[in-house]
Amino acid sequence: MARFELKLPKMGESVAEATITNWLKQVGDKIEADEAVLEIATDKVDSEVPSEVSGVLVEQLFGKDDLVQVGQTIAIIETDSATVTEAVKEVVAPVEAAIIEKTFDAAKEAVAVPTDFSNSEKFLSPLVKNIAKEEGVSVVELEAISGTGKEGRVTKNDILEYVKNRTSQPVVSTPVPAVQKTVAAPVAQKAAPVSVSGGDEIIEMDRMRKLIAGYMVASVQTSAHVQSFIEVDVTNIVKWREKNKIAFEKREGEKLTYTPIFMEAVAKALKDFPGMNISVDGDFIIKKKNINLGMAASLPNGNLIVPVIKNADQLNLVGMAKAVNDLGGRAKAGKLKPDDTQGGTYTVTNVGTFGSVFGTPIINQPQVGILALGAIRKMPAVIETPEGDFIGIRQKMFLSHSYDHRVVDGALGGSFVKRVAEYLEAFDIDRDF
């Protein structure tokens, strides 16, 4: 018998710790290789930790709600094998092994397949990596597999079934379509309501709401919040979107919303005013090299999360639309990864989605500014022309800029939001996508 130490795996470049939210296996339970042992939460994103070996769980080194550092041992699993490297051979059934061996022999005669999985965007367990390496499954193929694990994680069964159904030759340039599976969505556990005096209820906050509450209070206590508001005429943007949204979706396969247009203007303004693209660390100001825009998005449970568009200033409108739709869609599906919420340098939130004309958003620490987009409304307005002033119907909205008055004065905070407005009002109604 051998004792295997299950460690908290690395889940992203900037993720150093996680909180244990639930043990899926208890001491004495049998565990199959690649089977989920526990659930963890990294800041706002939840994940599973799978076992790398088959065996019996003999010790839990941490309890629920404990904070664990990446690389720390969290459980002990007693295995039948003396070496972990034999785990792949043990979990593959004889029939599956024969199919895999035949496939792998053909693959070796064909073309060398890259097996460096460090650049994969998916979280891959060591067992899945070993099977992929043994069977010549490329990174491209792994990316195409629809995982049945939590947040789309590729499990042992997923890759074995993929190998059984793939062609005899490894695919490098054109990935084989993934085997689709339907998995029942996990049922969220809610705190039991407690009746008070036969009428009121006391309901404990869930973990995420507690985190959000802590962040909001800490931000208000840390930053001296000041707001600037400006009204913007976005008539040209509304007309352009109405004229192009169908063609845009046909050509790009993406829906065209207002959000990427607004994000494009914010990214340009941040390049013009780099003093807004900073963070504060004690008595030091950190000037950020990259412009990484956070965008508030809804989660399946109704809470909000802020995924980040990296290097937003380098994206054209099509790239911005794809990034916005991808992050927003994965947020709603609960499939964001830890790295998706890291590294933001400035945040945008769309309060207009809920009908609000403007708002006073709280800064996302350690950033120094956040912009709220109000609802677009038809308004009577004075239109200046060479022939004189006229009253017309225009599409207008408010921009609400909250900034940290410790390091951002009114001149900078006001100038920045005014520049965003200028980019939006100067939108070219004849531009291409």
Query raised in the report: Residues two or more places apart in sequence or in another chain: which of them pass salt bridge (Lys or Arg N to Asp or Glu O under 4.0 Å) with Lys332?
Result: none
Report task. List in chain and number order the residues that pass side-chain contact (heavy atoms from CB on, under 4.5 Å) with Glu35, two or more places apart in sequence or in another chain; answer none if no residue qualifies. Result -> Lys25, Ile31, Glu32
Query raised in the report: With no hydrogens and no angle check, is any side-chain donor or acceptor of Thr21 less than 3.5 Å from a backbone partner on Glu39?
Result: yes
Query raised in the report: Which residue pairs pass the side chain to side chain donor-acceptor pair (under 3.5 Å) test with at least one member in residues 402-414, sequence neighbours excluded?
Result: Ser223-Asp404, Gln227-Ser402, Ser228-Tyr403, Asp404-Arg406
Query - Sole residue of Thr259, Ile261, Asn325, Ile309 in side-chain contact (heavy atoms from CB on, under 4.5 Å) with Met320 - result: Ile309
**Report entry** Non-neighbouring partners of Arg251 that pass salt bridge (Lys or Arg N to Asp or Glu O under 4.0 Å), sequence neighbours left out
**Finding:** none
Report task. Report yes or no: does Asn364 contribute a side-chain atom to a donor-acceptor pair with the main-chain N or O of Tyr346 at less than 3.5 Å? Result -> no
Query raised in the report: Got a second to check how far Ile278's CD1 is from Leu270's CG, nearest 0.5 Å?
Result: 11.0 Å
Query - Sequence-distant partners of Glu425, salt bridge (Lys or Arg N to Asp or Glu O under 4.0 Å), two or more places apart - result: none
Requested in this report: Determine, using ring centers only, whether Phe248 and Phe433 are less than 6.0 Å apart.
Outcome: yes
Report task. Mind telling me whether Phe273 and Phe416 have parallel, tilted or perpendicular rings, with 30° and 60° as the class edges? Result -> perpendicular
Report summary line: Applying side-chain contact (heavy atoms from CB on, under 4.5 Å) to Val308 and not counting sequence neighbours gives Asn292, Lys310
Query raised in the report: Does a salt bridge link Arg330 with Asp326, judged by any charged N lying under 4.0 Å from a carboxylate O?
Result: yes
Query raised in the report: Is it true that a side-chain atom of Asp158 and a backbone atom of Thr155 form a donor plus acceptor pair closer than 3.5 Å?
Result: yes
